[in-house]
Structure formats: C-alpha cells, structure tokens
Amino acid sequence: MVALPLVTAVQTWDPERYARNARFVSDLGAPVVELLAPRAGERILDLGCGDGALTEKLVGLGCRVVGVDASAAQIAAARARGLDAHVGSGEDLTFDDEFDAVFSNAALHWMKRADRVIEGVWRALAPGGRFVGEMGGDGCVATIVAALSAALARRGHDARAVNPWYFPTATEYRARLEARGFVVQSSALIPRPTALAGDVTGWLETFAESFSTALPAGERPAFLAEVQEALRPKLCDASGRWTADYVRLRFRAAKPLD
Ligand SMILES: C[S@@+](CC[C@H](N)C(=O)[O-])C[C@H]1O[C@@H](n2cnc3c(N)ncnc32)[C@H](O)[C@@H]1O
C-alpha cells in the first residue's frame, strides 16, 4: 500500500461555527450508530467525537462512553454536555484492552496515518470487540477538491501539499484492517449527496481551512469567492440550495477472541 502524503494541515475547529455549518455531520450519523448496534452497559470509545452530539446519543442508550478528539475546543464543547471527553490524537491512542467497541463518525479521514490509528484501535479493544466507523471514502467531495486545487494552481500552489484528507476505497481500508488482524464484516462506499445548511463558502470555511491558509490572509476572501463561483454550476440548484458530493465509507470489523 502506498504511503499517504502527510501535510502540515492547518485546520481549526470552532464549535460554534461547526454547529452552524456542520450539524448535518452528526444528524446523518444514524446509520453508523445502527451498524454499531450499541447495547446498554457497553464500554465504547468515540474516536474523533467532535462536540459530542453522537457521543451523547450513545450515553443516552446506556453505554459507558469515552470521547477522544484532537481539538481542545471540540472537547470543551463535549464536556459542556457532561461527557467524559479528552483531548488526544487518534494516531496516538494509549488505551489498552478497555473497550467493547470503538466508534467513529466523520473523523477517520482526517487521520492520515491510518495504520497507526488502526493499531491504536486494535489495542484499545478487548478481544471480541468491534470497530465500527463511517468516514469520507474514495471520491468524497471530489468536485470541491478539484475546484480548490484549480484555484490554488492558478496561484502557483500544489493542493496536494495541503490536502488534509484521506479518502480510501473500501478495498484499501479493508486491506489495512485485515493486515492488523481484524475480521471485516462489512465495508461499503456509499455516495451521499449532502444538502448544506448555507452556501459552499460556509462549508469551505468550516472544513477546508488548510487550502485557504496556503495563501496570505489578504488573498483568502477572493480565493473562496472564486471557488464558490466555480462550484455554483455544479453544486447549486436554481433556487440557491447547495449540495456537496459526499461519498461515505462505512465499515464494521471485529477483533477476534484470543
Ligand atoms: C467532522 S468532525 C466529526 C465529529 C463527530 N464525530 C461528529 O459526528 O459530529 C471531525 C472531528 O475529527 C477530529 N479530528 C481530526 N483529526 C483528529 C485526530 N488526529 N485525532 C482525533 N480527532 C481528530 C476533529 O477535531 C473533529 O472534531
């Protein structure tokens, strides 16, 4: 498997902006929660828990949930919900044999060291535990990435150096899981065109910061406006509603009993 280009991505998470532009992320998490099939009393790690909207749902189902997220601001928002949440990177998990399940929604594609994540998840799980997740998959927001890349190229920048996302195929992620010893029970790429709360600039400001911060601050508004206009004919309908070309990779894998 090829090594992923690591980038010095600049991405900040502002819980207020996240709630305004990205509430759909957790709102659309029901199918992966269903795939997790949580049972009351289970110990669950929510990896990349964000502001804890789904973590809170799992707690409401009677699970004992720990949230981990790399963003201190998101963890503060999760704690404000009364959740057991901690700042930490999914690429450096330190749990050992502690969970019945590791759950992750919309976070794994931000973690480019995928094998380190999978190794940490494996260690965190008790034998017989499961890893259930949904992440961006191959082709996710490809139209948006193309427009960002073209606008950066016009300014002399190579977007590959700042692209923060890892969108694997189902086959590739399955191979990584199996290489660690997981038994993959299901894995599928799911095209999911997603209606945005506002215009695409709100989405770009929330999720694609590392592309615009490649430019001096004074150039960013014009850059974002140019990307929005390039995307308008492809992602905006006649009544002004924007839809992003999301593709999800949803999987369930088991750590066998010893
Ligand atoms: C789109 S949000 C999803 C949050 C939440 N799971 C949800 O469904 O609303 C992605 C989250 O991944 C987190 N994240 C990004 N890289 C991470 C890493 N290396 N380790 C842990 N969390 C990370 C971000 O801080 C952010 O809160």
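Both counts, for ligands and for their atoms, begin at 1 and track the order of listing.
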Starting from [atom], what is the nearest protein heavy atom, named by residue and atom, and what distance separates them?
atom: atom 22 (N) of ligand 1; value: A70 N, 3.2 Å
atom: atom 19 (N) of ligand 1; value: S89 OG, 3.3 Å
atom: atom 3 (C) of ligand 1; value: Y18 OH, 3.2 Å
atom: atom 16 (N) of ligand 1; value: W110 CB, 3.6 Å
atom: atom 27 (O) of ligand 1; value: D69 OD2, 2.7 Å
atom: atom 8 (O) of ligand 1; value: N105 ND2, 2.8 Å
atom: atom 20 (N) of ligand 1; value: G90 N, 2.8 Å

Atom indices of ligand 1 within 4.0 angstrom of [X] heavy atoms, with elements:
X: S71; answer: 25 (O)
X: G88; answer: 20 (N), 21 (C)
X: V25; answer: 7 (C), 8 (O), 9 (O)
X: L54; answer: 8 (O)

Backbone or side-chain N or O of [X] under 3.5 Å from ligand 1 N or O:
X: A106; value: no
X: E91; value: no
X: V68; value: no
X: Q74; value: yes
X: M111; value: no

Would you say the side-chain atoms of [X] and [Y] include a donor-acceptor pair closer than 3.5 Å?
X: Y166; Y: E172; value: yes
X: Q11; Y: S210; value: no
X: T206; Y: N21; value: yes
X: T12; Y: E209; value: yes

Exercise. Backbone N or O of G202 within a donor-acceptor pair of the R20 side chain at under 3.5 Å?
Worked result: no
Seminar exercise, completed: atom 6 (N) of ligand 1: of G48, P164, G50, A107, the nearest heavy atom sits on G48
Exercise. Are E91 and R116 close enough, and set up right, to give a salt bridge (charged side-chain N to carboxylate O under 4.0 Å, His left out), and what steps lead you there?
Worked result: CA-CA 5 Å; E91 297 175 347; R116 286 175 62 132; 5.5 Å; no
For this session: Specify side chain, backbone, both or neither for A22, according to which of its non-hydrogen atoms lie closer than 4.0 Å to ligand 1.
Result: neither
For this session: Decide if atom CD of E34 counts as having more than 12 heavy atoms of other residues, nucleotides or ligands within a radius under 6.0 Å.
Result: no
Exercise. Would the number of heavy atoms belonging to other residues, nucleotides or ligands and lying under 6.0 Å from CZ of R23 be above 12?
Worked result: yes
Exercise. Is there a side-chain contact between Q74 and V87 (heavy atoms, below 4.5 Å)?
Worked result: no
For this session: Could you walk me through whether F95 and E98 pass side chain to side chain contact (heavy atoms under 4.5 Å, CB included), step by step?
Result: CA-CA 6 Å; F95 302 100; E98 292 174 49; 3.5 Å; yes
For this session: Tell me, please, whether Y246 has R192 positioned over its six-membered ring: NZ or CZ under 6.0 Å from the ring centre and within 45 degrees of its axis?
Result: yes
